Amino acid sequence: MLANADRFERINVTLGPSAGDAMLRLMADRIHALAGAHAASGTVTARFGSDEFAVLLRLDPTPAAAGKGAPDDAGPTACDALARRLVESLGAPYRVAGTGVHASASVGVVGIDASHRHAVAVMQDAGLAMREAKRLGGARHSVFTPALRTQAWQRGSLEADLRRALDEAQLFVVYQPIVSLADGAIEGMEALVRWRHPQRGVVPPDQFIGIAEETGLIQMLGEWVLRQACDQLVRWQRTLGPRAPRSMSVNLSRAQVLEPSIVGTVARALAASGLAAGALQLEVTESLAAQDAVVQQRLEELKALGLTLALDDFGTGYSSLASLHLLPVDVVKIDRSFVGQSAAGTHHRVLVEAVSMVARSLGLTIVAEGVETHAQAQLLAALDCHKAQGYFYARPMTDGDATAWLAAR
């Protein structure tokens, strides 16, 4: 098993490296105690990296062992159960330097078999499983399967292609309108990146944004999208006058927000384009905005530039209506999963209405995402949502198509 602390850097940043070291010692104690208590024999534990621990176990897979009243000590079942307990143990609160600290860990599990001829291969497979656990959100374990090797090769290939794409202008930006539910006016546009791969065709962002984050390419990619979007809105303002969108929305990933240089990057994009800061809206996911003090401080620094912050995909993350007032945002975007079922079911309609009521009481603007029918639009307007976007109004369009669409309206 390979256990890696989730977002450990925030502990060093907020509490200092000495507290981080103390935290690692507490984690090590929990790992050693749990692994030693559940292994049949041959337990080895080691700190394998800055915030990573390796656990090597010999588990008795024989039916006789299971018949001794300890079914959890039988082969793969035992390892899976132990990994689950390890995640739970490492996720329990810590006391560091008199301060309560909440943390979690991702655990990768691999059973050593005849295909593993070298220790390096074992660690590679455990690492693939651990990264899969992180990709799924962290605070969980993942068991290695050969499919993870195939996926890793494909992602490696896609990474090399993405680096070429940034150099060869294969990326492009599309724009989706954000419309006033009161009168149908075009309130803004959301900029969305796409990739036109020479062999694969158009690659959707969910297949390459994660790779860009893992490899550090997200900073270059994100800055390029931001500059394209700011420049485009300025062009619309010059050519369309009052028919131009009032604002431009651009998504920020977790990796971008955690990068200290993001405030300077945004400021430079605004200055280079000449776009007023008030016309730019940056969007972060609900789970990111509610994460920790470091993220919220960075969001406050961005707001100080004079731009607007939006909470994207609301309803799918970790925050709640009760904590909405704690987040430094101006706009709440209700996730499409609620909007899509609001016209058909009472449950989702009540949820949308509750979000709308609380957001309005806090002076926040409400945007409904994923609107696809006239009935949905009518209902959302009746529930006092301010704005909407979705296929009912327009699909994401290239800059040329979006210009023609705006001019026609």
Side-chain angles (χ1 to χ4, degrees), residues 171-181 184-194 205 209 218-253 256-257 262-285 288-289 299 301-314 328-333 364-371 386-391 393-409:
L171 299 171
F172 63 103
V173 178
V174 294
Y175 302 90
Q176 186 171 38
I178 300 171
V179 177
S180 168
L181 282 166
I186 307 305
E187 295 288 339
M189 286 280 190
E190 181 176 357
L192 303 162
V193 66
R194 298 290 187 267
I209 293 297
I218 192 64
Q219 307 302 336
M220 184 188 307
L221 173 59
E223 183 173 2
W224 179 82
V225 172
L226 180 63
R227 286 182 174 259
Q228 292 288 315
C230 290
D231 290 345
Q232 183 60 62
L233 183 52
V234 170
R235 284 195 292 270
W236 280 332
Q237 290 172 340
R238 290 172 181 165
T239 59
L240 298 175
R243 289 175 294 175
R246 298 174 186 175
S247 67
M248 179 65 73
S249 298
V250 180
N251 292 282
L252 290 185
S253 72
Q256 288 175 279
V257 174
I262 184 62
V263 179
T265 297
V266 174
R268 288 192 298 273
L270 289 169
S273 64
L275 183 67
L280 177 63
Q281 176 171 293
L282 298 180
E283 300 188 1
V284 295
T285 61
L288 171 61
L299 295 179
E301 293 170 356
L302 287 168
K303 276 195 71 172
L305 296 175
L307 50 78
T308 300
L309 288 178
L311 197 62
D312 199 12
D313 302 333
F314 188 81
V329 297
D330 311 283
V331 178
V332 175
K333 301 187 75 173
L364 305 178
T365 299
I366 308 110
V367 180
E369 298 182 288
V371 179
H386 297 105
K387 305 174 187 178
Q389 70 182 102
Y391 289 178
Y393 303 101
R395 291 175 177 268
M397 299 171 280
T398 62
D399 53 357
D401 289 343
T403 300
W405 186 86
L406 289 166
R409 291 175 68 91

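A quick note: this is a predicted structure, and the numbers were derived from the prediction, not measured.
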With a 4.5 Å cut-off on side-chain heavy atoms, are [Y] and [X] touching?
{"X": "Leu282", "Y": "Leu226", "answer": "yes"}
{"X": "Val331", "Y": "His386", "answer": "no"}
{"X": "Glu301", "Y": "Lys303", "answer": "no"}
{"X": "Gln176", "Y": "Tyr391", "answer": "yes"}
{"X": "Thr308", "Y": "Ser247", "answer": "no"}
{"X": "Phe314", "Y": "Lys333", "answer": "no"}
{"X": "Val266", "Y": "Leu307", "answer": "yes"}
{"X": "Ile186", "Y": "Arg409", "answer": "yes"}

Hey, could you give me the [atom1]/[atom2] distance between [X] and [Y], rounded to the nearest 0.5 Å?
{"X": "Leu302", "Y": "Gln256", "atom1": "CG", "atom2": "CD", "result": "10.0 Å"}
{"X": "Ser253", "Y": "Ile209", "atom1": "OG", "atom2": "CD1", "result": "7.5 Å"}
{"X": "Leu181", "Y": "Gln389", "atom1": "CG", "atom2": "CD", "result": "11.0 Å"}
{"X": "Leu406", "Y": "Thr403", "atom1": "CG", "atom2": "OG1", "result": "6.5 Å"}
{"X": "Glu187", "Y": "Ser180", "atom1": "CD", "atom2": "OG", "result": "5.0 Å"}
{"X": "Glu223", "Y": "Arg227", "atom1": "CD", "atom2": "CZ", "result": "5.0 Å"}

**Request:** Could you give me the CA-CA distance, side-chain angles and deciding distance for Asp312 and Glu369, then say whether side-chain contact (heavy atoms from CB on, under 4.5 Å) is met?
**Result:** CA-CA 9 Å; Asp312 199 12; Glu369 298 182 288; 2.8 Å; yes
Closest approach of [X] to [Y] (non-hydrogen atoms, all atoms of both residues):
{"X": "Leu192", "Y": "Pro396", "result": "CD1-CG, 4.0 Å"}
{"X": "Pro328", "Y": "Leu309", "result": "O-CD1, 3.2 Å"}
{"X": "Ala310", "Y": "Gln281", "result": "CB-NE2, 3.4 Å"}
{"X": "Glu283", "Y": "Ser249", "result": "OE2-CB, 3.2 Å"}
{"X": "Ala402", "Y": "Met397", "result": "N-CB, 3.8 Å"}
{"X": "Ala277", "Y": "Leu305", "result": "CB-O, 3.3 Å"}

**Request:** Kindly indicate, with the supporting measurements, whether the criterion side-chain contact (heavy atoms from CB on, under 4.5 Å) is fulfilled by Ile178 and Val367.
**Result:** CA-CA 8 Å; Ile178 300 171; Val367 180; 4.2 Å; yes
**Asked** Is there a donor in the side chain of Asn251 and an acceptor in the side chain of Glu190, or the other way round, less than 3.5 Å apart?
**Response** yes
**Request:** Under the side-chain contact (heavy atoms from CB on, under 4.5 Å) rule, what do Val332 and Thr365 come out as? Steps first, then yes or no, please.
**Result:** CA-CA 6 Å; Val332 175; Thr365 299; over 6 Å; no
**Asked** Is there a side-chain contact (heavy atoms from CB on, under 4.5 Å) between Val173 and Arg194 once you walk through the steps?
**Response** CA-CA 6 Å; Val173 178; Arg194 298 290 187 267; over 6 Å; no
**Asked** Is there a ring pair (Phe, Tyr, Trp, His ring centres under 6.0 Å) between Tyr175 and Trp236 once you walk through the steps?
**Response** CA-CA 12 Å; Tyr175 302 90; Trp236 280 332; 5.3 Å; yes
